[in-house]
Amino acid sequence: MQKPSLPRGTRDFGPEQMSRRLFLLETIRQTFRRFGFQPLETPALENLSVLMGKYGEEGDQLLFKILNSGEYTNGLNEADWQAGPRKLTLKISEKGLRYDLTVPFARFVVMNRHALTMPFKRYQIQPVWRADRPQKGRYREFMQCDADVVGTDSLLCEAEIVLMLHESLRHLGIQDFTVKINNRKILTGIAEVVGAEGQEGPLAVAIDKLDKIGREKVIEELRQRGFSEGSIDRLEPMFRFPEDTPAAFQQLRSWLATSETGLKGVAELAEVWQLVEQYGLTDARMQLDVTLARGLSYYTGAIFEVKANGVQIGSISGGGRYDNLTGAFGMPGLSGVGISLGVDRIYDVMEELGLFPETGLQSTRVLVVHLEEAARKAGLPLLTRLRENNIPAEAYPDTAKVKKQLDYANAKRIPFVVLIGSEELETGLLTLKNMVSGTQEKLSAEEILRKVTAVAD
RNA sequence: GAGAAUGUAGCUCAGUCGGUUAGAGCGCCAGAUUGUGGUUCUGGAGGUCGCGGGUUCGAGACCCGUCUUUCUCCCCA
């Protein structure tokens, strides 16, 4: 006999977890639907040629790769064995598990470009896999909820993403969150005005840690990354950014006055703010954060990230605009913007904050209990009647002691039990027992139906 | 990839300085109660002390390896 086990970073979801997850998934799905997004599913497996090279150097390492079927070592020569694991992998594996939903979506768009009505809005809720080390809030299999629009560069889409984030999280009961927004063009502009043109990548990586490690350490890291003292001096405005959004915009405009790209980024962001206001979003939790960079290299415009406040966990959502994602698949110039919500982290946040409603845990509403073999048949038509009326109902399948059957009802938090024994068979009236109050009464099937329907959940 | 902790009954955890037959609570099963649960009482079952090796007269405890879970860095949802 062997002990059963689970691959690290993966989990089972029992009935009570699933009812919460379904609530979460459904809330997000309905929000996406309300904004006009249509569903899409793609295979768990993709060809590695589709996945490789889309997530940076480290991303390739984090892909789960699938060994080819059959005699996968056939055709390998000595040179292949000597070439090292990375090159050998490509010889023996041609498929991998999807790493996110954006790249498969880009592949889908390119393959179906003639059939799609542009702008194309799709939502996609499926698991993704990453081969990194599990930690708090980090799993190797987790669910993403993506919504993307491709085929337009209108900033209205950015504004709607902000709205959808607010709507989904508030429907879930998460009130204290921050939607951090930046723009890749602003990062480019900053690199330009400090005299480190094209270095926004390393710049962003260092500056991103500002709130974690502090100003001195950031400057130290910038030096190590080869930034000149002059550049670091000109970075000064970065370290004293106003909390107030209009003031922040004002400071950015004067700081980036000499960078055309930078100013364009500022103007784009300002328009997003304006649009969100025109939509009438109340109590917006948006924050301009010029240190926000995100790892994925394909963002070209807006960058989003959502933090749940008061919980020690990574971001629960991320996204942004990409102007050339489909370019890698031979379809350049298609602009898109999207957002991804991490269900597993949102679940952890809600659990930690105690935001899950108590209701919804009970599955069955009525349990039919028979006290002797002959009584069982009297309960079956009742079950059918209950189910026809959309009331979840079940019979205890075995003839067992009443105690055992009632224990079963308690364990499943079933609120009503119908008892059928010889007495009920004679009179035709069935005993309805309320498991919460303990009261019971003899009723006809018709009355039972009315009674269990009438009582509110 | 680097560093640190962790693992004992189905669950949560005790287990002293290395010493006889490894414990508790909860849960489970049975009975008190042959047609009534959630309260109470009584009894019972349940263990390869993660796994493998080592030290020792003797290891749940000490040492090495390995796996799991968790945390920090990195990166991400």
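Every heavy atom of this structure was used, including side-chain atoms; hydrogens, water molecules and symmetry mates were not. Chain A is the first sequence line, chain B the second, and so forth, proteins listed ahead of strands; every chain is numbered from 1.
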Worksheet item: Taking atom types as modelled, is there a side-chain donor on A:T10 or A:E141 under 3.5 Å from an acceptor on the other?
Response: no

Worksheet item: Quick one: A:I414 CD1 to B:U36 C1', roughly how many Å, whole number?
Response: 15 Å

Practice prompt. In whole angstrom, give me the gap between the C1' atoms of B:U16 and B:G54.
Written response: 25 Å

Practice prompt. Would you mind reading off the distance between A:D348 atom CG and B:C71 atom P, rounded to a whole angstrom?
Written response: 10 Å

Discussion item. Would the base of B:G37 count as contacting A:N410 through its side chain, where contact means a donor and an acceptor less than 3.5 Å apart?
Written reply: yes

Worksheet entry | P spacing across the pair B:U21 / B:G60, given as an integer number of angstrom | 10 Å

Worksheet item: On a whole-Å scale, what distance lies between the P atoms belonging to B:G50 and B:U69?
Response: 16 Å

Practice prompt. Indicate whether the side chain of A:D148 and that of A:T102 have a donor and an acceptor atom separated by less than 3.5 Å.
Written response: no

Worksheet item: Can you tell me how far P of B:C29 sits from CG of A:D398, to the nearest Å?
Response: 13 Å

Fill in: Closest-nucleotide 5' rank along RNA chain B - winner of A:L6 and A:V306
A:L6

Fill in: Sugar-phosphate, base or nothing in reach of A:G319, heavy atoms under 4.0 Å
nothing

Practice prompt. Quote, to the nearest angstrom, the C1' distance that separates B:A9 from B:G15.
Written response: 14 Å

Worksheet item: Is any N or O donor-acceptor pair between the side chain of A:R345 and the base of B:C76 shorter than 3.5 Å?
Response: yes

Discussion item. Categorize A:Y139 for me: base, sugar-phosphate, or nothing, with a 4.0 angstrom heavy-atom threshold over every strand shown.
Written reply: base

Worksheet item: Under 4.0 angstrom, heavy atoms only, what part of the nucleic acid is A:G59 near: base, sugar-phosphate, or nothing?
Response: nothing

Worksheet, complete the sentence: Paired to B:A22 by Watson-Crick or G-U wobble criteria (both distances under 3.5 Å) is none

Fill in: Selected nucleotide, minimal atom distance to A:E424 side chain, candidates B:G35, B:G37, B:G31
B:G35

Worksheet item: So what does A:V436 touch, heavy atoms closer than 4.0 Å: a base, only the sugar-phosphate, or nothing?
Response: base

Fill in: Side chain A:Q440 and base B:U36 donor-acceptor under 3.5 Å
yes

Worksheet entry | Residues A:T300 and A:D323: side-chain donor-acceptor under 3.5 angstrom | yes

Practice prompt. Give none if B:A9 has no partner; otherwise give the nucleotide forming a Watson-Crick or G-U wobble pair with it, both distances under 3.5 Å.
Written response: none

Item to complete: Among the candidates B:G35, B:U70, B:G37, find the nucleotide nearest to the side-chain atoms of A:P134.
Response: B:U70

Item to complete: For B:U34 and B:A45, measure between their P atoms and round to the nearest Å.
Response: 24 Å

Worksheet entry | A:R133, nearest nucleotide to its side chain (from B:G37, B:G1, B:C76) | B:G1

Response to the item:
By the Watson-Crick or G-U definition, both distances under 3.5 Å, B:G1 is matched with B:C73

Item to complete: Apply the test salt bridge (charged side-chain N to carboxylate O under 4.0 Å, His left out) to residues A:K54 and A:E46: give CA-CA distance (whole Å), side-chain angles for both, the deciding distance (0.1 Å), then the verdict.
Response: CA-CA 13 Å; A:K54 307 296 189 300; A:E46 291 279 355; over 6 Å; no

Practice prompt. Rounded to the nearest angstrom, tell me the gap between atom NZ in A:K136 and atom C1' in B:U72.
Written response: 13 Å

Response to the item:
Rounded to whole Å, CD1 of A:I313 lies from C1' of B:U72 at a distance of 16 Å

Practice prompt. Using the C1' atom on both, measure B:G47 against B:C64 and round to a whole Å.
Written response: 26 Å

Practice prompt. Assess whether side chain to side chain contact (heavy atoms under 4.5 Å, CB included) is satisfied between A:K180 and A:I303, documenting all intermediate values.
Written response: CA-CA 8 Å; A:K180 295 183 177 183; A:I303 305 172; over 6 Å; no

Item to complete: Find the distance A:L425:CG to B:G35:P and express it as a whole number of Å.
Response: 14 Å

Fill in: Nearest-nucleotide pick for A:K401, side chain only, options being B:C76, B:U70, B:G31
B:G31

Discussion item. I'd like the P distance from B:C57 over to B:U42, given in whole Å.
Written reply: 47 Å

Discussion item. Between P on B:G35 and CG on A:L430, what's the gap in Å once rounded to a whole number?
Written reply: 18 Å

Discussion item. Do A:E394 and A:T364 pair up side chain to side chain, a donor and an acceptor below 3.5 Å, judged on atom types alone?
Written reply: yes

Worksheet item: Does one side chain, of A:T152 or A:S154, offer a donor that lies under 3.5 Å from an acceptor on the other?
Response: no

Discussion item. Of the listed nucleotides (B:G37, B:A2, B:G35), which one gets closest to any side-chain atom of A:K403?
Written reply: B:G37

Worksheet, complete the sentence: Walking RNA chain B from its 5' end, the first of A:D344 and A:K404 to be reached, judged by nearest nucleotide, is A:K404

Fill in: Assigned partner base of B:C62, Watson-Crick or wobble definition, under 3.5 Å
B:G54

Response to the item:
Of the candidates B:G35, B:C29, B:C74, the side chain of A:L419 sits closest to B:G35

Worksheet item: With a non-hydrogen cut-off below 4.0 angstrom, is A:I316 in contact with a base, only sugar-phosphate, or nothing?
Response: sugar-phosphate

Worksheet item: Looking at B:G3, B:U36, B:U69, which one has an atom nearest to any side-chain atom of A:R8?
Response: B:U69

Item to complete: Starting from P on B:U36, measure out to CG on A:L432 and report it in whole angstrom.
Response: 18 Å

Worksheet item: When we call it a touch if two heavy atoms are under 4.0 Å apart, what does A:M435 touch: a base, just sugar-phosphate, or nothing?
Response: base

Worksheet item: Just wondering, more than 12 heavy atoms not from A:R170 lying within 6.0 Å of its CZ?
Response: yes

Fill in: Among B:C76, B:G35, B:C71, the one nearest A:Q135 by side-chain distance
B:C71

Discussion item. Measuring only the C1' atom in each nucleotide, how far is B:G53 from B:A59? A whole number of Å is fine.
Written reply: 13 Å

Discussion item. Please name the nucleotide paired to B:C29 by Watson-Crick or G-U wobble geometry with both distances under 3.5 Å, or report none.
Written reply: B:G43

